[in-house]
Number of protein chains: 2
Amino acid sequence: MATIKDVAVLAGVSVATVSRVINERGYVHADTRKKVEEAVKQLNFSPNEVARSLYKRKSKLIGLLLPDIANPYFPQLARGVEDRMQEQDFRLIFGNSDEDEEKEQDYIQTFIQNNVVGVISSTNYPHSPIYENLKIPVVFLDRTPLDSPSVYADGREGGRLAAREIIRRGSQRIAVMQGPVHIRPAQDRFEGAVEMIRQAGLDYHVVQTTSFSFNEAALWAEELFSKHSETDGVIASNDIAATAVLHEALRIGRKVPEELQIIGFDDIPLSSLLSPALSTIRQPAYEMGREAAGLLIKLIEQAPIDQKNIQMPVEFIERGTTRKVNANG
Amino acid sequence: MATIKDVAVLAGVSVATVSRVINERGYVHADTRKKVEEAVKQLNFSPNEVARSLYKRKSKLIGLLLPDIANPYFPQLARGVEDRMQEQDFRLIFGNSDEDEEKEQDYIQTFIQNNVVGVISSTNYPHSPIYENLKIPVVFLDRTPLDSPSVYADGREGGRLAAREIIRRGSQRIAVMQGPVHIRPAQDRFEGAVEMIRQAGLDYHVVQTTSFSFNEAALWAEELFSKHSETDGVIASNDIAATAVLHEALRIGRKVPEELQIIGFDDIPLSSLLSPALSTIRQPAYEMGREAAGLLIKLIEQAPIDQKNIQMPVEFIERGTTRKVNANG
DNA sequence: TTGTAGGCGTTATCAC
DNA sequence: GTGATAACGCCTACAA
């Protein structure tokens, strides 16, 4: 790799002058500029970001920490973040935390060691000292405290929405899947759903789940139907769980949506391709990623922020696992 | 952030000594070591990787370039790469290329500017000069040339396998979806499938697709059935396409697998949760990611390599979109 | 308008 | 065993 010095020598100027032209800072004569630019081109020079980062004590790097990119909800978030960051020439150092506090700390630690200028984190431990002591801006994504900058969907409202829509369409004995207790948004949804069901004076039962993994989803689906065979409506903890429930329901011969309605959460891309297609509460994952990135960029640039907690709207996506509602409601 | 200098002052030694203890290199007296270690702890010091990287002209950073993390096949690959890299304390700078050669070059460029020590790339342009001129090791992933280190699944064999299994189960009028022409593995699968179908003396038709996107998948599925309504077997270009085909087939009342069999490609996590569950040709994405990472690490450490092209096995996963085969074959 | 020189935080080469 | 000190490649006072 050519260095600024090589360019300086070839152009017959000093490194300071080269620096000036590549950074477009300070005065430099048009002729010298041209000479330098030619040397740059000829040597195919591009500045060493590491040296820059060392000198300026800040890089063009952002840390992105997600629980598990293999969970279908997160790739969209990640993509949103990446697209926005890339527009501003920021690059992402990426890590999976597996919701493990120690792993998370290790990542944050190495982020810092690499001079990242900001962090986006989807964590269950936003109040960990590692974040509180951070001297660079952090935006919490999806799983989020209100005292720090964050982007999240309204889980509670999502829960209410799910319950409202499923009740409105006639379900009476509803199973609510309670997602992992340590995941706030999952609990928000759960609470919202329960709140609405109670308000409607209906009975419900709870199926407790402890992760969002694929394999276990199938087990919980089985458990649901074996323990609560009279269920005529399921509010799943997310689309994966919902897909598993749908799968199991069809397997044991339930008619969906005639006898059993199902509502998921997230609206992952595959939901619309299921048969029947999955009705769900959509969270705009991609947009959330973009928003988080945009917010972080503002924070980094110390631009004015209109709101540091950005709540994104949830939305009921009506598809095939819920019945049509009468025109008269 | 505390620097090595702060530690040196606090411990009452020189920076050289501190460097020795944190790198466990050279002689240092037990007592001095203890003093230094205490200072390190007290100041919560951790070395600045940027400074290290500048001096040593190499970092602990790896560049990972994928077409689109939002495409369900890639998160698994990414996860495999990440897990393996993390074991060795390498971090990932991650980018989506959208199969755009220019975007790809930009990323490679910034990878280099950040002193990455290796690159893993899933690209359609492995012969681009940007790779050929790279002075650091590259492992091509999934989409891959044979003259460079690579990890890939045997697409052609996968295609054959899909055709063999669908024929064996009685499909006679097979539709083969030809994936995007610029994506090699997609073409390999296609060719393998066609080869086997021809060999069996059966007729087939081709449905051309130009991307692996969700939205378009539905369109191609429609096209397939409107143009070739007599089809009794579909070899899809991947699981997304297969899911769309399944969705459409059920929508128009085809009985799957009785009247119509479908085989996908990849075995993405959701495939087993479809109804009926999707029969598919599995590529071990996670393991491929791990292998690629392992190979790259060896390359970086200049360890001996037994083979620079690692072909991973494909496998027919029999589920519900294909019929059971008789015991007598 | 341009050049010199010091420093960003580390590591490694020498002396001592 | 330990400590100066010169790099690594870049940027920015400051001087010229």
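Chain A is the first sequence line, chain B the second, and so forth, proteins listed ahead of strands; every chain is numbered from 1. These numbers come from a predicted model, not from an experiment.
The nearest whole Å value for the distance from the CD1 atom in A/Ile4 to the C1' atom in C/dT4 is 14 Å. As rounded to whole Å, 15 Å separates atom C1' of D/dC8 from atom CD of B/Glu49. Here C/dA5 presents its C1' atom at 12 Å from NZ of A/Lys5, a figure rounded to the nearest Å. Rounded to whole Å, the distance from CG on B/Asn48 to C1' on C/dG7 is 14 Å. Rounded to whole Å, the distance from CD on A/Glu24 to C1' on D/dC11 is 15 Å. As rounded to whole Å, 17 Å separates atom C1' of C/dC8 from atom CD of A/Gln113. The distance from atom CD1 of B/Ile22 to atom P of C/dG9 is 13 Å, rounded to the nearest whole Å.
When heavy atoms are screened at a 4.0 angstrom cut-off, A/Val50 is found touching no nucleic acid atom at all. Among the protein residues, B/Thr3 comes within range of the sugar-phosphate backbone only, with heavy atoms under 4.0 Å from sugar or phosphate atoms but none that close to a base.
Side-chain contact check for A/Ser46 and B/Gln109: at least one donor-acceptor pair (N or O, by modelled atom type) lies under 3.5 Å. Judged by distance alone, the side chains of A/Glu99 and A/His182 do bring a donor and an acceptor atom under 3.5 Å apart. Residues B/Asn114 and A/Glu49 have side chains that never bring a donor and an acceptor to within less than 3.5 angstrom of each other. In this model, a donor atom of one side chain and an acceptor atom of the other lie less than 3.5 Å apart for B/Asp83 and B/Tyr286.
Scanning both residues, A/Pro75 and B/Ala70, for their nearest heavy atoms gives CB-CA, 4.0 Å. Minimum interatomic distance between B/Gly294 and B/Arg84 (heavy atoms only, all atoms of both residues): N-CG, 3.8 Å. Listed here is the closest heavy atom pair of B/Met312 and B/Pro284: CB-CG, 3.9 Å.
By the 30° and 60° cut-offs, the orientation of the rings of A/Phe140 relative to A/Tyr131 is perpendicular.
For the pair A/Arg91 and B/Phe94, the cation does not sit on the ring face, since its NZ or CZ is not both under 6.0 Å from the ring centre and inside 45° of the axis.
Take the nearest nucleotide of DNA chain D for A/Met1 and for A/Lys56: the residue whose nucleotide is more 5' is A/Met1.
Between C/dT10, D/dC11, C/dG3, one nucleotide has an atom nearer to the side chain of A/Arg52 than all others, and that is D/dC11. Listed candidates were C/dT10, D/dT12, C/dG3. Nearest to the side chain of A/Ser14 is C/dG3. In the set C/dC8, C/dG3, C/dT11, C/dT11 carries the atom at the smallest distance from any side-chain atom of B/Asn23. With D/dC8, D/dC10, D/dT12 as the choices, the nucleotide that has an atom nearest any side-chain atom of B/Tyr55 turns out to be D/dC8. Side-chain proximity of A/Thr17 to C/dG3, D/dG9, C/dT10: nearest is C/dG3. If you check D/dG3, C/dA12, D/dG9 against the side chain of A/Leu54, the one that comes closest is D/dG9.
Contacts with DNA chain D (heavy atom under 4.0 Å) in residues 27-40 of chain A: none are found.
The shortest distance between side-chain heavy atoms of B/Asp188 and B/Arg184 falls below 4.5 Å.
In this structure, B/Arg25 does not reach the C/dT11 phosphate: none of its side-chain N or O atoms is under 4.0 Å from OP1 or OP2.
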Measure all distances between protein nitrogen or oxygen atoms and nitrogen or oxygen atoms of nucleotides 14-16 of chain D, and list the pairs falling under 3.5 Å.
none

